[in-house]
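Notes to accompany the following structure.
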Amino acid sequence: MFGHVRVYSGGGGGGGGGDAAVCCTPEWTPSWRIASLQPTIEQSVAIMYGRLPGAGNANNGGAGANQAHDRIKIGFCTDLDKSVLVNNFEKRGWHQVNGDDDWHFYWAGVQTCRNIFSVDSGYRMHDNQMINHFPNHYELSRKDLLVKNIKRYRKDLERDGNPLAEKTESNNSSGTRYVYLDFVPTTFVLPADYNMFVEEYRKFPLSTWIMKPCGKSQGAGIFLINKLSKLKKWSREAKGPFHPQIAKESYVISRYIDNPLLIGGKKFDLRLYVLVASFRPLKAYLFKQGFCRFCTVKYDTSVTELDNMYVHLTNVSVQKHGGEYNTLHGGKWSVQNLALYLEGTRGKEVTDRLFGAISWLIVHSLRAVAPVMASDRHCFECYGYDIIIDNALKPWLVEVNASPSLTSTTVNDRILKYKLIDNILSVVLPPDGVPDVRWNKVPSADALGNFELLIDEELAAQDEAQNSSNNSHAKSSKLNSRWK
């Protein structure tokens, strides 16, 4: 569904190189027109194509991989006892080892990754080792740092005079909003930004806000407020002797998307998997088999339902405890079904524009953190993007997970996640299937499986250089022809 990417290269804001927009050529939908997202930019930025590499690489599961395994016995270790992981590793002929042994591939928890990269550990990875997290992945996956990095990215583009930083009058808050980079709800970090939040709240006292602890996931510690007094009460209780851990935590408070797109009267969000093979240059892929996660109770904005998390939170870890939870489908719907539903109810053009905006959102969130990421060549990472669509079909980035759940709640869930891990391995490993940091991380089209290229800055730069060379050659030929 999500298609191949066109990269629009502009002024390099945020310290991370040129700017990328997304325009896709889906397999079963027409080309997304980036003009619908940014009509004024195409005249001011050059076009490059983030092309898929040629078929020069064999698929990782081919004869080359088997020959490599004859030479090297691949050892894997993992902190997670998940069949979707172990079965995929063993299918490739790998054998399981302990973290203290000589391993080649480590599917680690985030804390293990931090320990390995810690200066105190003294551990030095060799060329044939790979691990599934970047050292400071939290720059993207921690809620407060994600917002901070996106704000910095916007400001850097604005300072450089980049057209992507164009602003317009805002409808739901005072001042202005970004025309092309308005994909994160207005957010403040508490307690640091408390005064700024109060100032914003008093401009719109009837608005609803959502509070989330910065370092937690799966819906833990989340609640909604619509009165400042409720926040003050929470603050007093947090400082009390019974909640010492809360007092030490930072929270983000974001304007609640109170006009979500509803299907069957229920709120839902999207879980999309994004694989990053490198941050510098940025190489990212989108898994085409994402899914929607539905609430079990119909959406209700009344004050009496403000504390009902079965109405407002789409997390499966929350919804599975509800009395209306369906264990057969797990409250999930494929992205393909969502697209078909929207095409039937809203039209194909509008649906294509929505998915183009989602790809745009993902690419620019990655570009926002790329300058501060430690882009170690031993690393790759699969992020779980949570996105909410409002009733105007505008996507909003809710959060990014560094360790998206590999627990299967349904049969279809198990099949999807097995395929996800299989495809990840095919993309990040060289053609011979042996981890090697010297490989250029350019998988073949066959190796992508259900992934599709979102952006590859290295290939885009090569295309730009080639196009420049061709243009120069054409001009030279034209000049010479005048003398003939």
Side-chain angles (χ1 to χ4, degrees), residues 60 73-118 121 123 125 128-142 215-220 271-277 285 287 289-291 293 315-321 330 332 376 378-386 399-429 433-435 449-451:
N60 293 333
K73 187 72 171 175
I74 306 295
F76 76 89
C77 53
T78 176
D79 297 339
L80 306 175
D81 185 22
K82 299 293 183 182
S83 61
V84 293
L85 289 172
V86 176
N87 290 348
N88 267 297
F89 299 153
E90 292 180 345
K91 180 184 76 171
R92 286 166 166 77
W94 298 359
H95 70 286
Q96 189 162 6
V97 298
N98 294 320
D100 296 331
D101 297 329
D102 187 17
W103 54 268
H104 297 89
F105 194 95
Y106 203 146
W107 195 282
V110 292
Q111 189 56 52
T112 298
C113 184
R114 291 175 193 171
N115 293 340
I116 288 175
F117 284 104
S118 169
S121 73
Y123 191 88
M125 295 176 69
N128 294 114
Q129 287 182 303
M130 292 189 73
I131 192 167
N132 67 316
H133 292 292
F134 289 92
N136 58 336
H137 58 84
Y138 44 80
E139 294 286 352
L140 179 63
S141 60
R142 190 177 159 96
K216 292 184 179 179
S217 59
Q218 298 184 331
R271 163 54 62 88
L272 301 176
Y273 297 103
V274 177
L275 174 62
V276 178
Y285 306 85
F287 194 63
Q289 296 187 0
F291 53 88
R293 304 181 300 183
N315 307 70
V316 176
S317 55
V318 172
Q319 295 295 330
K320 68 182 181 181
H321 298 295
K332 295 178 180 179
D376 193 298
H378 297 90
C379 304
F380 68 91
E381 195 147 20
C382 179
Y383 297 102
Y385 269 70
D386 293 342
E399 61 183 73
V400 182
N401 298 275
S403 298
S405 173
L406 294 178
T407 300
S408 302
T409 55
T410 67
V411 174
N412 287 338
D413 211 26
R414 188 177 302 111
I415 294 171
L416 181 149
K417 289 175 180 177
Y418 181 88
K419 189 177 296 183
L420 171 68
I421 300 301
D422 178 58
N423 289 178
I424 288 173
L425 298 177
S426 294
V427 172
V428 302
L429 291 171
V434 179
N450 285 280
F451 277 105

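We count residues from 1, following the sequence as given.
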Heavy-atom side-chain proximity of [X] to [Y] below 4.5 angstrom:
| X | Y | answer |
| --- | --- | --- |
| Leu416 | Phe287 | yes |
| Ile421 | Trp107 | yes |
| Tyr273 | Asn401 | no |
| Val97 | Asp102 | no |
| Leu140 | Tyr385 | yes |
| Ile424 | Phe451 | yes |

Can you name the closest pair of heavy atoms from [X] and [Y] and give their distance?
| X | Y | result |
| --- | --- | --- |
| Phe134 | Val276 | CE1-O, 3.7 Å |
| Gly99 | Cys77 | CA-SG, 4.1 Å |
| Ala402 | Val110 | CB-CG1, 4.4 Å |
| Met130 | Val428 | CE-O, 3.7 Å |
| Ser405 | Lys417 | O-NZ, 3.2 Å |

Applying side chain to side chain contact (heavy atoms under 4.5 Å, CB included), run through Arg271 and Asp386 and close with a yes or a no.
CA-CA 5 Å; Arg271 163 54 62 88; Asp386 293 342; 2.7 Å; yes
With distance as the sole test, does [X] use its side chain to make a donor-acceptor pair with the main-chain N or O of [Y] at under 3.5 Å?
| X | Y | answer |
| --- | --- | --- |
| Asn132 | Ala108 | yes |
| Asn128 | Pro435 | yes |
| Asp79 | Gly109 | yes |
| Asp376 | His378 | yes |
| Lys82 | Ser408 | no |
| His95 | Ile74 | yes |

[atom2] on [Y] to [atom1] on [X], rounded to 0.5 Å:
| X | Y | atom1 | atom2 | result |
| --- | --- | --- | --- | --- |
| Leu80 | Thr78 | CG | OG1 | 4.5 Å |
| Ile131 | Glu381 | CD1 | CD | 10.0 Å |
| His137 | Ser403 | NE2 | OG | 6.5 Å |
| Thr407 | Arg414 | OG1 | CZ | 10.5 Å |
| His133 | Phe380 | NE2 | CZ | 8.5 Å |
| Asp422 | Asn87 | CG | CG | 11.0 Å |

Could you please spell out the steps behind the side chain to side chain contact (heavy atoms under 4.5 Å, CB included) verdict for Ser121 and Arg114?
CA-CA 10 Å; Ser121 73; Arg114 291 175 193 171; over 6 Å; no
Would Lys332 and Thr409 satisfy side chain to side chain contact (heavy atoms under 4.5 Å, CB included), going step by step from the backbone distance to the final call?
CA-CA 10 Å; Lys332 295 178 180 179; Thr409 55; 3.4 Å; yes
Asp101 atom CG: more than 12 heavy-atom contacts under 6.0 Å:
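Check passes, neighbour count above 12.
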Test side chain to side chain contact (heavy atoms under 4.5 Å, CB included) on Asn412 and Phe291; report intermediate values, then the result.
CA-CA 11 Å; Asn412 287 338; Phe291 53 88; over 6 Å; no
My understanding is that only one of Phe105, Tyr418, Trp103 makes a ring pair (Phe, Tyr, Trp, His ring centres under 6.0 Å) with Phe89; could you say which?
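For Phe89, the ring pair (Phe, Tyr, Trp, His ring centres under 6.0 Å) check succeeds only for Phe105.
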Are Phe117 and Tyr106 close enough that their ring centers fall under 6.0 Å?
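So the answer is no for these two rings.
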